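Let me begin by presenting the structure, written as structure tokens, before commenting on it.
None of these values were measured; they are calculated from a predicted model. Residue numbers run from 1 in the order of the sequence given.
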Amino acid sequence: DSLTKTGCWEGDILNVKKDGTEIWCSTRISTFTHKEYGLVVLSIQEDITDRKLAIKELKETKQILERGQEIANFGSWKHYFGTDKKTFYATVKMYEIFGVPEGADSNVFIERIHPDDRDFCIDKIKHAVENKKNLNLKHRIMLPDGEIKWIQTLGEVINHNEDNVV
């Protein structure tokens with residue numbers, strides 16, 4: 001529809017080679033009128049099969065990870081310290097354990113730490129990050145309904161450069 005309206009179309013197409021092999025192509029099509037040849041259709045395609053397969057494999061791996069975390073009842077997270085980019089990522093199970101909405105930032109998780117344990121946990125996390133040491137601590141979290149859970153936090157500090165750790 002956009003090709004007839006605007007003279008341009010862009011998207012992914014599944015093509016079939018002469019030998020029967022299917023390949024995915026990122027495709028851009030434009031039309032224009034040439035004074036000598038009339039309507040001209042120009043199509044540019046890039047083979048993106050490897051990219052499509054990698055995305056599919058990544059999604060499958062994510063599903064396996066999420067299923068494993070569901071079975072084992074653990075969540076995982078990653079926080080970038082000392083950077084301007086989005087700094088906090090957590091798995092679905094992590095949000096569920098802490099009783100926070102998906103997409104919440106790390107501050108919400110800190111708020112869930114039991115008030116009597118919060119300073120201790122923050123100090124331990126800071127110490128681990130500053131000294132680039134792994135973290136292993138048991139503490140309580142408090143859910144919005146007042147339920148208290150004991151959890152164990154294991155952390156691995158990864159040094160990306162002098163000022164930036166994960």
Side-chain angles (χ1 to χ4, degrees), residues 1-113 125-126 128-130 132 134-135 141 143-145 151 153-166:
D1 219 19
S2 68
L3 186 59
T4 55
K5 287 181 182 176
T6 65
C8 297
W9 181 86
E10 192 172 322
D12 297 344
I13 296 177
L14 182 60
N15 286 330
V16 179
K17 290 180 167 183
K18 289 180 185 180
D19 65 2
T21 306
E22 292 183 337
I23 62 166
W24 279 98
C25 291
S26 174
T27 306
R28 290 159 198 85
I29 300 173
S30 296
T31 61
F32 61 94
T33 304
H34 188 273
K35 63 181 176 181
E36 200 173 316
Y37 302 109
L39 181 65
V40 176
V41 178
L42 175 65
S43 175
I44 300 171
Q45 296 188 351
E46 175 188 5
D47 184 348
I48 58 168
T49 306
D50 290 343
R51 185 181 326 156
K52 287 278 193 180
L53 292 173
I55 289 169
K56 180 182 176 198
E57 195 172 303
L58 187 60
K59 285 179 183 178
E60 290 171 354
T61 301
K62 183 181 179 203
Q63 288 173 339
I64 291 168
L65 171 68
E66 287 175 352
R67 183 65 182 135
Q69 289 190 3
E70 185 67 34
I71 291 167
N73 197 32
F74 78 89
S76 56
W77 57 275
K78 179 170 34 173
H79 187 91
Y80 290 91
F81 297 90
T83 180
D84 292 335
K85 68 181 193 173
K86 181 181 179 207
T87 61
F88 184 77
Y89 300 89
T91 60
V92 172
K93 189 63 178 176
M94 185 74 178
Y95 289 109
E96 183 183 312
I97 290 168
F98 275 75
V100 299
E102 284 187 45
D105 66 19
S106 61
N107 293 325
V108 178
F109 287 88
I110 297 293
E111 290 168 8
R112 288 285 192 267
I113 297 173
I125 292 168
K126 283 181 181 177
V129 170
E130 288 168 2
K132 297 173 181 61
N134 291 342
L135 177 70
I141 59 172
L143 301 183
D145 64 3
I151 65 169
T153 299
L154 302 172
E156 178 184 9
V157 177
I158 301 167
N159 190 21
H160 279 276
N161 62 42
E162 265 185 46
D163 300 321
N164 189 357
V165 296
V166 178

statement: Closest non-hydrogen contact found for N134 with E156 is OD1-CA, 3.3 Å
statement: Value for CZ (F98) from CZ (R112), rounded to nearest 0.5 Å, stands at 9.5 Å
- prompt: Should the ring pair H34 and Y37 be called parallel, tilted or perpendicular, given that the plane angle runs from 0 to 90° and is split at 30 and 60?
  reply: tilted
query: Taking side chain as C-beta onward, heavy atoms only, is E102 less than 4.5 Å from V92?
result: yes
Full working for side chain to side chain contact (heavy atoms under 4.5 Å, CB included) between I125 and L135: CA-CA 7 Å; I125 292 168; L135 177 70; 3.8 Å; yes
field: Inter-residue atom distance Q45.CD - I23.CD1, 0.5 Å rounding
entry: 7.5 Å
- request: Please examine the side chains of L39 and T31, heavy atoms only from C-beta on, and report whether any two atoms are closer than 4.5 Å.
  value: yes
message: So, using side chain to side chain donor-acceptor pair (under 3.5 Å) as the criterion, who are the partners of N107 when residues are at least two apart?
response: none
- request: Rounded to the nearest 0.5 Å, what's the gap from OG1 on T153 to CZ on F109? Could you check?
  value: 11.0 Å
- line: Heavy-atom closest pair (E22 atom, V16 atom, distance to 0.1 Å) is CG-CG2, 4.2 Å
query: What are the two closest non-hydrogen atoms of G75 and I97, and how far apart are they?
result: N-CD1, 3.6 Å
query: Run the side chain to side chain contact (heavy atoms under 4.5 Å, CB included) check on N73 and K93 step by step: do they pass?
result: CA-CA 7 Å; N73 197 32; K93 189 63 178 176; 3.0 Å; yes
- line: Value for CD1 (I48) from SG (C25), rounded to nearest 0.5 Å, stands at 7.5 Å
query: Do E46 and R51 meet the salt-bridge criterion of a basic N to acidic O distance under 4.0 Å?
result: yes
task: Say whether Q69 and S76, considering side chains only, have a donor N or O and an acceptor N or O under 3.5 Å apart.
output: yes
- line: For W24 and T49 the tightest heavy-atom approach is N-OG1, 2.9 Å
- prompt: Do the charged groups of R67 and E70 touch, with an N to O distance under 4.0 Å?
  reply: no
message: Test of understanding: with side chain to side chain donor-acceptor pair (under 3.5 Å), list the residues that count as partners of K126, not counting sequence neighbours.
response: none
- request: First locate atom OG1 of T91, then atom CZ of F74, and finally report the distance between them rounded to the nearest 0.5 Å.
  value: 7.5 Å
- prompt: Should the heavy atoms of other residues, nucleotides or ligands under 6.0 Å from CD of E60 be counted, would the total exceed 12?
  reply: yes
- request: Please test I29 against C8 for side chain to side chain contact (heavy atoms under 4.5 Å, CB included), starting from the C-alpha separation and ending with a verdict.
  value: CA-CA 6 Å; I29 300 173; C8 297; over 6 Å; no
statement: CG (D47) and NZ (K17) are apart, to the nearest 0.5 Å, by 6.5 Å
- prompt: What's the verdict on side chain to side chain contact (heavy atoms under 4.5 Å, CB included) for F88 and W77, showing C-alpha distance, side-chain angles and the deciding distance?
  reply: CA-CA 7 Å; F88 184 77; W77 57 275; 3.9 Å; yes
